[in-house]
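See structure below.
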Amino acid sequence: MSTPHSELPPVSSAARESALVKRLAGRGAEVASEPPSVWFMRQAGRSLPEYRKAREGTSMLESCLMPELVTEITLQPVRRHKVDAGIFFSDIMVPLKLAGIDVSIEPGTGPVLTHPIRSKADIDALPPVDDVYRAALEPIREAVRLTTHELDKKPLIGFCGAPFTVASYMVEGRPSRDHLRTRALMTAEPELWARLAQWVADISGEFLRAQVEAGASAVQLFDSWAGSLAEATYRAHVLPFSRAALDYVRDLDVPRIHFGVGTGHMLSAIHEAGATTVGLDHRTPIPTAIETLPAGTAVQGNLDPALLFSSEEARFAEAARIVREGRTAAGHVVNLGHGVPPETDPQVLTDLVAFIHEQ
Ligand SMILES: Cc1c2[nH]c(c1CCC(=O)O)Cc1[nH]c(c(CCC(=O)O)c1C)Cc1[nH]c(c(CCC(=O)O)c1C)Cc1[nH]c(c(C)c1CCC(=O)O)C2
């Protein structure tokens, strides 16, 4: 390798002072005259032909450990759509793989574990989160350094999976609609559950911290499946561990987004886990969220991904409404209510970004 990547200059302060990062920190008033900020969950990925080409012949988790490839894939949607941030190309399962767990991501299915967690012995056998694990994160740090160097003034958003969502893949062994085994474990064996959730908080928290230390300007905690929980269950068995994961970056002064699908019934709890910004899916009205959350909290979202397949007229009308409603928040960043579906026409996203920037 000819470039001494680890000697790249530190991340541009312009990225950390960008309008998008200020909005995520609840400092939207400082940049009120600037165009709205927008990025999309899953903006990198199968909706882009250049992604499909770059990924040919390399498995998902393998590609996440190849720094040049990660940089290229992270930059693809930034180049094409002119979104205001890159989202680090990786996966919520990467920390498991780096910790030595036998996991793969099966195309069209999702994460699959060879040995799902089924007993106390399985939890006893989880590897320690130690210097060996932190050293294994080096390809992640390297990829972030390369990517932030290329992004220059645009921020990179780092992320990790929240303990409930990641642990539900570990317990179920594969994607599950209702996470029954996981939810049963919480109440049947709360102490075992707590050990598993704390372990995930530690591996995911270290993964998140590695990204910020290497140059990411904001983070998002994905608790995609938390919406399947009642608020009381969430508070008792999940919130403390999500907070533990976010605590890994609390001293690093970057905004923290917290997102889960279908969490409109417990937005305050999602915020209390340690977020500066609450991510909203398309079912939660922005004014309701602003009213519910403490003053100073920013919001992100929340265009229904179905609108990507609707008429341009309907899509732009919704986008304009979302931008308008977001102006009353301490900070608002436009996003979808969940990830970009693989079938999306990329031109629709490019045109949508241009429209949002004109508002
Ligand atoms: C639940 C979850 C996972 N991974 C993730 C979540 C939380 C977000 C959410 O709720 O969608 C997070 C994730 N996964 C990926 C990103 C990176 C970048 C981005 O958002 O642009 C992020 C932020 C890449 C990816 N992660 C995955 C892909 C597709 C891989 C491919 O090209 O086949 C990408 C681009 C694979 C993946 N990984 C996972 C699933 C369910 C899948 C889809 C499996 C499939 O339908 O084939 C687990």
Side-chain angles (χ1 to χ4, degrees), residues 38-66 69-81 83 85-97 103-113 140 143-144 147 151 156-170 172-177 179 182 200 204 207-208 211 216 218-228 242 245 257-263 279-282 300-301 305 335-344 346 349:
V38 55
W39 69 281
F40 302 120
M41 293 184 272
R42 291 282 174 93
Q43 63 190 20
R46 281 174 297 183
S47 64
L48 301 182
E50 59 270 36
Y51 168 81
R52 297 194 294 266
K53 186 152 190 299
R55 274 283 322 283
E56 250 168 43
T58 317
S59 77
M60 176 64 197
L61 291 178
E62 228 184 314
S63 36
C64 294
L65 302 179
M66 298 167 65
L69 184 59
V70 169
T71 299
E72 167 58 23
I73 294 176
T74 304
L75 292 172
Q76 284 175 349
V78 180
R79 278 188 214 121
R80 190 194 261 264
H81 304 313
V83 281
I87 171 85
F88 186 57
F89 177 74
S90 195
D91 196 84
I92 61 168
M93 306 313 281
V94 166
L96 293 183
K97 168 120 178 139
V103 56
S104 62
I105 293 182
E106 313 268 318
T109 302
V112 176
L113 270 85
I140 303 300
V144 170
T147 307
L151 279 170
L156 177 70
I157 300 171
F159 75 92
C160 71
F164 173 66
T165 292
V166 175
S168 78
Y169 285 111
M170 295 176 75
E172 314 285 340
R174 52 193 306 109
S176 139
R177 195 175 288 272
H179 322 285
T182 318
V200 178
S204 294
F207 173 69
L208 199 61
Q211 293 168 60
V219 296
Q220 176 155 325
L221 184 70
F222 280 95
D223 207 352
S224 304
W225 314 139
S228 69
S242 289
I257 311 160
H258 191 187
F259 170 76
V261 180
T263 49
L280 308 175
D281 80 4
H282 68 276
Q300 176 176 278
N335 206 313
L336 300 175
H338 197 183
V340 172
E343 312 78 28
T344 307
L349 293 175

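This structure is a prediction, so every number in the text was calculated from the model and none was measured. The chain is numbered in sequence order, starting from 1. Ligands are counted one by one from 1 in listed order, and the atoms in each one are counted from 1 as well.
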To the nearest 0.1 Å, how far is [atom] from its closest protein heavy atom, and which atom is that?
atom: atom 16 (C) of ligand 1; value: Ser90 O, 3.4 Å
atom: atom 7 (C) of ligand 1; value: Ser224 OG, 3.2 Å
atom: atom 43 (C) of ligand 1; value: Arg42 NH1, 4.2 Å
atom: atom 12 (C) of ligand 1; value: Ile92 CG2, 3.8 Å
atom: atom 44 (C) of ligand 1; value: Gly110 CA, 3.5 Å
atom: atom 45 (C) of ligand 1; value: Arg46 NH2, 3.3 Å
atom: atom 47 (O) of ligand 1; value: Gly108 N, 2.8 Å
atom: atom 26 (N) of ligand 1; value: Asp91 OD1, 2.8 Å

If you count the atoms of ligand 1 from 1 in the order shown, which ones are under 4.0 Å from a heavy atom of [X]?
X: Ile105; answer: 36 (C), 37 (C), 38 (N)
X: Pro107; answer: 47 (O)
X: Phe89; answer: 35 (C)
X: Pro111; answer: 39 (C), 40 (C), 41 (C), 48 (C)
X: Ala44; answer: 21 (O)

Query raised in the report: Considering residues at least two apart in sequence or located in another chain, which fulfil the side chain to side chain contact (heavy atoms under 4.5 Å, CB included) criterion with Arg42?
Result: Val340
Query - Cationic N near anionic O, under 4.0 Å, Arg79 to Glu72 - result: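 Yes, charged N to carboxylate O under 4.0 Å.
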Query raised in the report: Nearest heavy atom to atom 1 (C) of ligand 1: which of Phe222, Tyr51, Tyr169 does it belong to?
Result: Tyr169
**Report entry** Those residues that, when tested against Gln211, pass side chain to side chain donor-acceptor pair (under 3.5 Å) (two or more places apart)
**Finding:** none
Query raised in the report: Would you say His338 touches ligand 1, if touching means a heavy atom closer than 4.0 Å?
Result: yes
